[in-house]
Participant: 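Attaching a single structure in structure tokens format; questions to follow.
Side chains included, hydrogens not; waters and symmetry mates left out as well; all remaining heavy atoms used. If you're wondering where the values come from, they're calculated on a predicted model, not measured in any experiment. Note on naming: letters A, B, ... go to the chains in the order of the sequence lines (proteins, then strands), and numbering restarts at 1 for each one.
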Number of protein chains: 2
Amino acid sequence: MARWKPGAKDRLQEAALTLFAANGFEQTTAAEIAQAVGLTERTFFRHFSDKREVLFYGQASFEQAFLDGMAAAPPQAPPWDLVARTLQGAATLFPKERREHSRVRQRVIDRNPALQEREAHKMSTLAVTLVDALHQRGIADPAASLAAESATTVFGIAFLQWISAGEERSMSTITADVLSELQSLTAGASPSGRVAKHP
Amino acid sequence: MARWKPGAKDRLQEAALTLFAANGFEQTTAAEIAQAVGLTERTFFRHFSDKREVLFYGQASFEQAFLDGMAAAPPQAPPWDLVARTLQGAATLFPKERREHSRVRQRVIDRNPALQEREAHKMSTLAVTLVDALHQRGIADPAASLAAESATTVFGIAFLQWISAGEERSMSTITADVLSELQSLTAGASPSGRVAKHP
DNA sequence: GTCTATAGTGCGATAGAC
DNA sequence: GTCTATCGCACTATAGAC
């Protein structure tokens, strides 16, 4: 038996989500989270540079899924195709089994502005990563920036739909739908007669 | 003469920007900012709920300019027209005279992740405000969300261009350009032969 | 692992404006 | 007298330095 159980980071993350969901983010101290898994506050901050990060670590593999999707496109693919591919890559991160976990996590974030800030920042960090990848494919600005931001926008809207109550469709189905809605929107008219009709 | 000079909030903001630009955000304490204008740390936090907020207060009037632009559109205007109008409203906030101030502020933000988080959050707050306004015009989701996010995306990209070195065009010219680029992008091909050509 | 600075909060006191 | 801006002090948690 090892002196320390492995996976301290994952256990801290799990305990943190549970405590945040039960008692709220601000009401939970870093020391409490650490104690819950038999570690000290100091160790918590060794794994996570700040308290919020415990809910967001894993950004690298998150971004990689988007990049892998983009990489699956042919070299000369136009930007709009790359957006679609990128979203297909992202969808692989969200299989059915993760839906409930995602809902819990989102509920915690929704109740705390500091966590919303971090989430917004992680999305804009993702956009920067995607812009770089698009530049490397020879896409110039502002097309590259617009494509990258459109991808994160569509992803964000699709994700909220995916975790909404009663939603059954897969993430990849939803991202494709939202993406085509964006295309319709910019063409000057929404599909399904949605334009300017009062509800 | 009054015991307290009026406009303490504005004076704190001005002093904060100067100190942040000179010494960096983290190296500047709230107490230093307060002292610089003859107040105490406690008073600083009475005006600003947290240290970052000193660079972001004024969000309400910022958002109002977007809403005013949207309000100038006819009642049955399609979402895409509303995006364009919203951006025209936003552009009124950025006359030539503000360009240099915006550059200084942005340089401070660019050098600090915590400030980038706040900025990202303020943009997503703006998007929520715009979604509400679109809903009130009878635009349904996901069109409303996509239109709101597209507006903030175009604004953000246009703003960075507006403050870039050597840029002379007005904000409203740039937002219009970026918006039409987005339209071209979603149509499947970028203008000016930019697609998939290596630089 | 310990020590410390800073952010940020709560509450009571004070000093004018009205 | 009321109202509001400020101050002063005690306090906790975060986060980084040593």
Participant: Expressed as a whole number of angstroms, how long is the span from B:Phe48:CZ to D:dA5:P?
Facilitator: 14 Å
Participant: Quickly work out the A:Lys51 NZ to D:dA13 C1' distance and round it to whole Å.
Facilitator: 8 Å
Participant: Find the distance A:Asp50:CG to C:dA7:P and express it as a whole number of Å.
Facilitator: 16 Å
Participant: Do the ring centers of B:Phe94 and B:Phe155 come within less than 6.0 Å of each other?
Facilitator: yes
Participant: Is A:Arg42 close enough to C:dT2 that one of its side-chain N or O atoms is under 4.0 Å from OP1 or OP2 there?
Facilitator: no
Participant: A:Glu41 has an atom CD; how far is it from atom P of C:dT2, in whole Å?
Facilitator: 12 Å
Participant: Heavy atoms only, 4.0 Å cut-off, all strands: where does A:Ala31 land among base, sugar-phosphate and nothing?
Facilitator: nothing
Participant: For D:dC7, take OP1 and OP2 only and decide whether either is under 4.0 Å from a side-chain N or O of B:Thr43.
Facilitator: yes
Participant: Atom CG of B:Leu19 and atom C1' of C:dT6: how far apart are they, to the nearest Å?
Facilitator: 16 Å
Participant: Between B:Thr153 and B:Ser150, is there a side-chain donor-acceptor contact under 3.5 Å, judged purely by atom types and distance?
Facilitator: no
Participant: Under 4.0 Å between a side-chain N or O of B:Thr40 and OP1 or OP2 of D:dT6?
Facilitator: no
Participant: Among side-chain atoms of A:Gln183 and B:Thr186, is any donor-acceptor pair under 3.5 angstrom?
Facilitator: no
Participant: Verify whether one side chain among A:Ser170 and A:Thr173 offers a donor that lies under 3.5 Å from an acceptor in the other.
Facilitator: yes
Participant: Between atom CD in A:Glu32 and atom P in D:dA13, what is the gap in whole Å?
Facilitator: 8 Å
Participant: When the distance from CZ of A:Phe45 to C1' of C:dC3 is rounded to whole Å, what number comes out?
Facilitator: 15 Å
Participant: Whole-Å distance between C:dA15 C1' and B:Leu39 CG?
Facilitator: 15 Å
Participant: Tell me whether the side-chain N/O atoms of B:His47 come closer than 4.0 Å to OP1 or OP2 in D:dT6.
Facilitator: yes
Participant: When you measure from the side chain of A:Thr29, which nucleotide among D:dA5, C:dG8, D:dA13 comes out closest?
Facilitator: D:dA13
Participant: Would you check if there is a donor-acceptor pair between the side chains of B:Gln106 and B:Glu119 at a distance under 3.5 Å?
Facilitator: yes
